[in-house]
Enquirer: 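Before I ask anything, here is the structure I am working with.
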Amino acid sequence: MILFLFLLISCGPLGGDTSPISCYNDQGDPVGWFYLYKLPKEHGRRSPQEGELYLLLEKGSQGWTKGKGTVNDTTGALGRTVGQLYSQGKNTEVAYILYNDQRPPQDFGDRWVDNSGSSGGHTKGVVLLDKNQGFWLVHSTPHFPPVQQEGQFYYPDSGVNNGQNFICVTYPLERFQTIGEQLQINQPNVYDCDIPESLASLVPVLAAVCKKKPLTGHITPHIRPVANRSVTLTSKDGTDFISFAKGASFDDDLYHSWVAPTLQSDLLVQFWVRSTGVLPSDCSLGWKVLDIKLINPGQTFTFKATQDHSKWAVSPSAGSGGGWVCVGDINRNEAEEKRGGGTVCLRDPMVWKAYRAAALECEDCKGETIQC
């Protein structure tokens, strides 16, 4: 009995949540990073889960694996990860930022400015952290996730019909100041956030993002306004990712004018093509940036780019140093040349192979459809 009481006191109250803030996989294990591909509705299917099935890719796996349940389940990777926000309640030791150019429909007065027009960044994501670590989730889903006051995780109906992509990376605390600077360049529409005083002094730029303060004249007055910046972000498990962030003043295509030349690689790019002013494939700068037309991730089923709202890019070949994969939140069209947004890139053989195999047909620089 004495031993039991000692263990109870040492371990804290029963049911207490001592799990680290992290990306989580389908089994509930904290992971350094994962990629999630939410599949579009498959023509001819009439199952209740149609449009909510997904594939998962994490460090150590050999390729895409079928997701556990649906993206709406709290026991899946997405639900476990983003769901941490709603289990915190009003926690003065946890900070978060939710941003989306298409904010959720809930409106708690005029506290948050709707920045979904052309003036704001075309960027979507979730930041959640404590004094030790946290995660940055970049995604493509409109109206996601719900505000913290909702009190529970759920996936919106607006994200069901089309394919969507997510990249989640677990970072140590010291990376979030840089992440905040990348977000400021992006000019995101922050619709819900809280940076408690206990964390504001540790990540002042994130606090500025929450308050919608500009990059200059506040926390870092020595930094001039920048149109774009790429930085290496090392994850909790030591994996190096490259974050590309551009603002409205960049006024050019993210992939063709910047990412491809920086990575010294041709790129096959998947993005939302059902919009006006879509940019054609471009080979003018020496690097081929080709628009993807037909997709089949994980040998599931084949669908057109018109059914996929994801924004990702993959190098056509692995090369001597391995192939690149970039997952982000901005499209290739004329309007979004003048908007903030970005992508997160990784050179990893397994991730490259999974995304490269998904790209079946592309548009070449003559406007003809070819095998990628």
Side-chain angles (χ1 to χ4, degrees), residues 35 37 57 63-64 122 138 140 163 165 167 227-233 239-246 250-273 275 277-299 302-306 308-334 336-337 341-372:
Y35 292 80
Y37 210 129
L57 191 64
W64 293 114
H122 193 282
V138 177
S140 62
N165 250 228
I167 176 175
N228 62 301
R229 188 181 75 162
S230 64
V231 295
T232 298
L233 293 171
T239 304
D240 287 338
F241 293 84
I242 301 178
S243 166
F244 291 84
K246 80 178 187 78
F250 185 68
D251 196 15
D252 210 337
D253 175 48
L254 172 76
Y255 307 95
H256 177 252
S257 65
W258 185 23
V259 177
T262 301
L263 300 181
Q264 297 284 284
S265 174
D266 296 337
L267 291 176
L268 313 177
V269 185
Q270 160 56 35
F271 61 98
W272 185 236
V273 297
S275 60
V278 166
L279 299 175
S281 297
D282 198 328
C283 303
S284 63
L285 295 181
W287 301 104
K288 296 179 181 179
V289 173
L290 307 184
D291 297 347
I292 295 174
K293 296 293 185 181
L294 199 65
I295 309 150
N296 187 336
Q299 298 183 334
T302 301
F303 49 91
K304 297 179 180 179
T306 54
D308 198 347
H309 193 253
S310 299
K311 300 93 171 57
W312 55 268
V314 62
S315 55
S317 59
S320 58
W324 289 98
V325 169
C326 304
V327 173
D329 48 27
I330 196 163
N331 300 299
R332 297 195 68 239
N333 63 44
E334 294 174 358
E336 291 176 43
E337 288 185 324
T343 194
V344 179
C345 301
L346 172 67
R347 175 179 272 177
D348 180 273
M350 178 269 296
V351 176
W352 174 81
K353 184 177 180 180
Y355 273 94
R356 180 62 186 90
L360 302 182
E361 292 183 357
C362 296
E363 174 191 83
D364 67 11
C365 289
K366 299 178 181 179
E368 299 177 353
T369 299
I370 60 170
Q371 288 188 341
C372 293

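For the single chain, residues carry numbers from 1 onward in sequence order.
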Enquirer: Applying salt bridge (Lys or Arg N to Asp or Glu O under 4.0 Å), which residue pairs with at least one partner in residues 277-292 are found, sequence neighbours left out?
Expert: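 For residues 277-292, and leaving out neighbouring residues, the salt bridge (Lys or Arg N to Asp or Glu O under 4.0 Å) pairs sorted by first residue read Asp291-Arg332.
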Enquirer: Can you tell me if Ser281 uses its side chain to pair, donor with acceptor, with the backbone of Glu363 under 3.5 Å?
Expert: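 Present.
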Enquirer: Between CG of Leu254 and CD1 of Ile330, what distance do you get to the nearest 0.5 Å?
Expert: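 One finds 6.5 Å between CG of Leu254 and CD1 of Ile330.
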Enquirer: Looking only at heavy atoms, what is the nearest atom pair of Ser243 and Leu233, with distance?
Expert: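 The pair with the smallest heavy-atom distance is CB-CD1, 3.8 Å.
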Enquirer: Using modelled atom types only, decide if a donor and an acceptor are shared between the side chain of Lys353 and the backbone of Gly323 within a distance under 3.5 Å.
Expert: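 No, because the side chain of Lys353 does not come within donor-acceptor range (under 3.5 Å) of the backbone of Gly323.
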Enquirer: To the nearest 0.5 Å, what is the distance between CD (Glu336) and CD (Glu334)?
Expert: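 Between atom CD of Glu336 and atom CD of Glu334 there are 11.5 Å.
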Enquirer: CD of Glu368 to SG of Cys362: how many Å apart, nearest 0.5 Å?
Expert: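 Those atoms lie 13.5 Å apart.
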Enquirer: Answer yes or no: is there a donor N or O on one side and an acceptor on the other, between the side chain of Asn331 and the main chain of Trp272, under 3.5 Å?
Expert: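 Judged by distance alone, yes, a pair lies under 3.5 Å.
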Enquirer: Specify the closest pair of heavy atoms between Arg347 and Gly322, including all atoms of both residues, with the distance to one decimal.
Expert: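 Residues Arg347 and Gly322, closest heavy atoms: NE-O, 3.1 Å.
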Enquirer: Could you go step by step and tell me if His256 and Val269 meet the side-chain contact (heavy atoms from CB on, under 4.5 Å) rule?
Expert: CA-CA 10 Å; His256 177 252; Val269 185; over 6 Å; no
Enquirer: Donor-acceptor check, side chain of Thr232 to backbone of Ile242, threshold 3.5 angstrom: yes or no?
Expert: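 The answer is no, because no donor-acceptor pair under 3.5 Å joins these two groups.
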Enquirer: Looking only at side-chain N and O atoms, does Tyr355 offer a donor or acceptor that is under 3.5 Å from a partner on Asn165?
Expert: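 On atom types as modelled, these side chains qualify, holding a pair under 3.5 Å.
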Enquirer: Give the C-alpha distance, both sets of side-chain angles, the deciding distance and a yes or no for side-chain contact (heavy atoms from CB on, under 4.5 Å) between Phe250 and Ser257.
Expert: CA-CA 10 Å; Phe250 185 68; Ser257 65; 3.5 Å; yes
Enquirer: Is a donor on one side and an acceptor on the other found under 3.5 Å between the side chain of Trp352 and the backbone of Ser315?
Expert: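 Yes: the side chain of Trp352 pairs with the backbone of Ser315.
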Enquirer: Nearest 0.5 angstrom please: Asp308 CG to Ile292 CD1, how far?
Expert: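 So the CG of Asp308 and the CD1 of Ile292 are separated by 9.0 Å.
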Enquirer: Compare all side-chain heavy atoms of Phe244 with those of Thr262 and state whether any distance is below 4.5 angstrom.
Expert: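 Yes, close enough: below the 4.5 Å cut-off.
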Enquirer: Would you give the length of the straight line joining atom SG of Cys372 to atom CZ of Arg356, rounded to the nearest 0.5 angstrom?
Expert: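 It comes to 6.0 Å.
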Enquirer: Quick one: salt bridge (charged side-chain N to carboxylate O under 4.0 Å, His left out) partners of Asp251, sequence neighbours excluded?
Expert: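 Salt bridge (charged side-chain N to carboxylate O under 4.0 Å, His left out) check on Asp251 returns Lys338.
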Enquirer: Less than 4.5 Å apart, side chain to side chain, heavy atoms only: is that true for Trp287 and Gln264?
Expert: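 Yes, close enough: below the 4.5 Å cut-off.
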Enquirer: Indicate whether any N or O donor in one side chain lies under 3.5 Å from an N or O acceptor in the other, for Glu361 and Thr369.
Expert: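 Thr369 and Glu361 do not have a side-chain donor-acceptor pair below 3.5 Å.
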Enquirer: Might you point out which heavy atoms bring Ser265 and Trp324 nearest each other, and give the distance in Å?
Expert: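 Closest approach of Ser265 to Trp324, heavy atoms only: CB-CD1, 4.3 Å.
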Enquirer: If we only count heavy atoms from C-beta on, is the Val344 to Val327 side-chain gap below 4.5 Å?
Expert: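 Contact flag for Val344/Val327 side chains = no.
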Enquirer: Output yes when a side-chain donor or acceptor of Asp266 lies under 3.5 Å from a complementary backbone atom of Ala260, and no otherwise.
Expert: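 Not a single qualifying donor-acceptor pair exists.
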Enquirer: Report the distance from atom CG of Leu360 to atom CG of Leu268, rounding to the nearest 0.5 Å.
Expert: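 Going from CG on Leu360 over to CG on Leu268, the span is 11.0 Å.
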Enquirer: Report yes or no: do Tyr35 and Trp312 form a side-chain donor-acceptor pair below 3.5 Å?
Expert: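 Looking only at side-chain atoms, Trp312 and Tyr35 do not form any donor-acceptor pair under 3.5 Å.
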Enquirer: Could you pull out the closest heavy-atom pair between Asn333 and Ser275, with the gap in Å?
Expert: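 Of all heavy-atom pairs spanning Asn333 and Ser275, the closest is ND2-OG, 3.3 Å.
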Enquirer: I want to check something: taking the side chain as every heavy atom from C-beta on, are Val314 and Val325 in contact at a cut-off of under 4.5 Å?
Expert: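 Yes; the side chains approach each other to less than 4.5 Å.
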Enquirer: Considering non-hydrogen atoms only, spot the tightest contact between Gly328 and Thr343 and give its length.
Expert: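 Heavy atoms only, the tightest pair is N-OG1, 3.4 Å.
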Enquirer: Are side-chain heavy atoms of Ser310 and Ile295 found at a separation under 4.5 Å?
Expert: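 Answer no - side chains too far apart.
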Enquirer: Taking all non-hydrogen atoms of both residues, which atom of Ser140 and which atom of His309 are closest, and how far apart?
Expert: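 In this case the closest contact between Ser140 and His309 is O-ND1, 2.7 Å.
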